[in-house]
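We count residues from 1, following the sequence as given. Note that the coordinates shown come from a computational prediction; the quantities given were computed from them, not determined experimentally. Hydrogens, waters and symmetry mates are skipped; everything else that's a heavy atom, side chains included, is used.
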Amino acid sequence: MILTPWHFVRWMRVKLENRAYARTSESDLLTKLNEAWAAAISDVPYWRKLVEQGDCPSRFESWEAYQELVPIMVKQAVAASPKVYFSENLGSKIGWSKTGGTIAEPLKFPVSQPELARIIKNEWRIRYWAGISTFSRQFKIWGHSHIFAGPNAKKIYRVRCLKDALLGMVRLSAYDLSEDKLAHITGGLRDTRCDFVMSYSRCLETVADALKTKGIKSSPTIKAVIATSECFSSDAAELAVAKAFNAPVYMEYGSAETGPIALRGPDGLYHVAWREFWLEAVPTEGGAFRLLITTLGKRAFPLFRYEIGDLVVRPSSNQGFKSFGELKGRQNEMLNLPGGKSIHSQAITHAIDGVPGVGQFQFVISQEGTVGIRIQTNYSKEEFGALVERVRYNLSQLDQTLSQSEIILNEGLLVTQAGKRPLVYRS
């Protein structure tokens with residue numbers, strides 16, 4: 001690792017953030033809420049209209065008043081009329097992100113540069129709870145979306161390799177988990193000097209199984225494993241990961257809309273970055289709680305009582321809680337292709353959702369295991385050819401047989417008996 005000013009700046013920010021957490025009270029959080037609310041009613045049509053109609057005040061005197069007066073915000077409403085929920089003053093330095101997960105209705109939303117900086121700071125703050133600092137070296141088995149960048153792919157890859165070298169990071173692809181790629185990953189884990197491993201939960205399960213099968217012990221320098229993006233398939237699978245890596249497993253919980261929210265440690269509790277979020281737990285008949293999220297900071301896409309779509313169990317309170325016991329959340333899939341290759345579904349999501357003109361999409365797995373893709377687009381019939389060609393090119397970067405999948409344009413997405421449109425539909 002080459003130590004840079006970045007390492008020391010980030011380390012100092014985390015230290016200062018720890019002190020800020022110790023000093024922050026519930027009234028301080030209410031002040032942060034009112035600051036975020038003032039920015040929202042100034043810049044965002046939906047929240048401004050609520051105030052102008054007299055449905056909500058311009059300032060909240062208590063959290064109870066906030067919960068009583070502000071309606072619950074749901075993804076379906078945002079997806080139906082996205083612009084009214086986004087800031088009208090986005091500026092030139094704005095990026096765009098998109099939700100993924102298990103639902104075939106991704107939501108594209110704006111993200112400002114200051115938000116990205118806060119998300120990164122919050123990420124390191126949460127890692128601090130796992131004994132990880134900015135000086136810790138990371139072994140990351142992750143998405144390599146640069147391969148879909150066309151002629152710029154090699155340039156992006158070289159820049160990424162340079163950054164990773166400066167940070168002392170090892171980065172390997174989680175897209176292809178075939179036998180030869182797994183051999184490369186397990187060999188790297190045996191020889192690495194990194195301090196912690198981070199990857200998708202289902203990918204960690206596959207790698208742990210490969211370590212066990214090959215009789216390979218991961219490097220003793222690895223002191224923690226961070227799983228993210230999805231739940232483990234079972235408690236037994238998580239225990240197998242801990243045993244294979246000989247290190248405690250931490251589960252990072254977050255979303256595309258928020259960044260990291262909480263980290264579950266060996267004590268079994270998810271500890272919330274509560275200075276950044278106000279969380280509410282709405283009881284359900286099944287005993288779990290619907291999770292509502294309020295973001296405490298100015299955002300291009302502010303969230304107020306936003307229903308994220310996940311359930312939590314045993315929150316420490318019903319509002320403003322700082323920990324909870326269990327998460328009933330997403331679980332992405334490993335797609336096993338007819339040739340024997342295993343690909344994380346997130347890889348196919350990355351291959352498709354960056355193609356211009358693609359809206360909602362869905363993978364359809366037949367009983368024989370072949371993969372078809374349904375895509376919704378506003379493109380004209382004359383433009384369909386270019387869209388399909390780009391999708392097939394991106395899929396070919398993952399697997400040649402996958403690029404030959406049947407692509408169906410502008411036919412309805414398939415719905416489960418529960419009325420949901422899953423990202424992966426098994427016929």
Please confirm whether the backbone N or O of Ile308 pairs with a side-chain atom of Lys75, one donor and one acceptor, at under 3.5 Å? yes

For Arg193, does its backbone N or O pair with a side-chain atom of Ser219 as donor and acceptor, under 3.5 Å? no

Rounding to 0.5 Å, atoms CG (Leu269) and CD (Glu326) come to a distance of 11.0 Å

Can you tell me how far NE2 of His184 sits from OG of Ser178, rounded to the nearest 0.5 angstrom? 11.5 Å

His271 to Trp129 - nearest heavy-atom pair and separation: O-CZ3, 3.1 Å

Taking the side chain as C-beta and beyond, is there a heavy-atom pair between Tyr175 and Ile348 under 4.5 Å? no

For the side chain of Ser199 and the backbone of Ile141, is there at least one donor-acceptor N/O pair under 3.5 Å apart? yes

How are the rings of Phe321 and Phe324 set to each other: parallel, tilted or perpendicular (split at 30° and 60°)? perpendicular

Report yes if the side chains of Val388 and Leu409 come closer than 4.5 Å at any heavy-atom pair, otherwise no. yes

If we ignore hydrogens and angles and just use 3.5 Å, is the side chain of Ser87 paired with the main-chain N or O of Ala300 as donor and acceptor? no

When you compare the side chain of Pro260 with that of Glu276, does any pair of heavy atoms fall below 4.5 Å? no

Indicate yes or no for a side-chain donor-acceptor contact from Ser136 to the backbone of Asp195 under 3.5 Å, with no hydrogens or angles considered. no

Just wondering, do Leu279 and Phe289 contact through their side chains at under 4.5 Å, heavy atoms? no

Check: Val78 main-chain N/O paired with Ser81 side-chain donor or acceptor under 3.5 Å: no

Could you grab the distance from atom CE of Met198 to atom CD of Glu123, nearest 0.5 Å is fine? 5.5 Å

When you measure from the side chain of Asn410 to the backbone of Thr377, do you find a donor-acceptor pair of N or O atoms at a distance under 3.5 Å? yes

Before giving the answer on side-chain hydrogen bond (donor to acceptor under 3.5 Å, both in side chains), spell out for Thr294 and Tyr66 the whole-Å C-alpha distance, their side-chain angles and the decisive distance to 0.1 Å. CA-CA 11 Å; Thr294 295; Tyr66 170 71; 2.6 Å; yes

Could you pull out the closest heavy-atom pair between Ser201 and Glu230, with the gap in Å? OG-O, 2.6 Å

Could you tell me whether Arg202 and Glu205 make a salt bridge, using a distance below 4.0 angstrom between a side-chain N and a carboxylate O? yes

Considering non-hydrogen atoms only, spot the tightest contact between Val170 and Cys194 and give its length. CG2-SG, 3.8 Å

Using the ring of each side chain (for Trp, its six-membered ring), is Tyr270 parallel, tilted or perpendicular to Tyr253, with breaks at 30° and 60°? perpendicular

Can you tell me how far CD1 of Ile373 sits from CG of Leu395, rounded to the nearest 0.5 angstrom? 4.5 Å

Is the shortest side-chain heavy-atom distance between Thr370 and Ile365 below 4.5 Å? no

Quick one: closest heavy-atom pair of Ser405 and Arg392, and the distance? O-NH1, 2.8 Å

Hey, is CD on Glu383 packed in by over 12 heavy atoms from elsewhere, all under 6.0 Å? yes

Could you tell me if the side chain of Thr284 sits less than 4.5 Å from the side chain of Arg290, heavy atoms only? yes

Go through Gln138 and Phe196 one step at a time and tell me if the side chain to side chain contact (heavy atoms under 4.5 Å, CB included) criterion holds. CA-CA 5 Å; Gln138 180 177 183; Phe196 71 102; 3.5 Å; yes

Derivation of the side chain to side chain contact (heavy atoms under 4.5 Å, CB included) call for Leu30 and Leu33: CA-CA 5 Å; Leu30 186 62; Leu33 168 71; 3.9 Å; yes

So, does Thr213 use its side chain to make a donor-acceptor pair with the main chain of Ala210 at under 3.5 Å? no

Verify side-chain hydrogen bond (donor to acceptor under 3.5 Å, both in side chains) between Thr206 and Asp209, making sure each step is shown before the conclusion. CA-CA 5 Å; Thr206 303; Asp209 185 61; over 6 Å; no

From Leu189 CG over to Ile185 CD1, what is the distance, rounded to the nearest 0.5 angstrom? 7.5 Å

Thinking salt bridges, do Arg171 and Asp164 make one under a 4.0 Å N-O criterion? yes

Is the side chain of Gln376 donor-acceptor paired with the backbone N or O of Glu411 at a distance under 3.5 Å, no angle test? yes

Do any N or O atoms from the side chain of Arg305 and from the backbone of Met73 form a donor-acceptor pair under 3.5 angstrom? no

Identify the two heavy atoms, one from Gly259 and one from Ile119, that lie closest to each other, and give their separation to 0.1 Å. CA-CG2, 4.2 Å

Can you find a pair of side-chain heavy atoms, one from Tyr393 and one from Ser403, that are under 4.5 Å apart? no

Minimum side-chain heavy-atom gap Phe277-Leu296 below 4.5 Å: no

Could you give the distance from CZ (Phe301) to OG1 (Thr258), rounded to the nearest 0.5 Å? 10.5 Å

Around atom CD of Glu88, are there more than 12 heavy atoms from other residues, nucleotides or ligands closer than 6.0 Å? yes

More than 12 heavy atoms from other groups under 6.0 Å of NZ on Lys32: yes

Before we go on, tell me: are the rings of Tyr379 and Phe384 under 6.0 Å apart, centre to centre? no

Just by distance, with hydrogens left out, do Asp28 and Ser25 show a side-chain donor and acceptor under 3.5 Å apart? yes

Parallel, tilted or perpendicular for Trp63 and Trp278, by the 30°/60° rule? parallel

Check Phe86 against Lys108 and note the closest heavy-atom contact, atom names and distance. CZ-O, 3.3 Å

With a 6.0 Å cut-off (strictly less than), is the heavy-atom count around CG of Asp235, excluding the residue itself, greater than 12? no

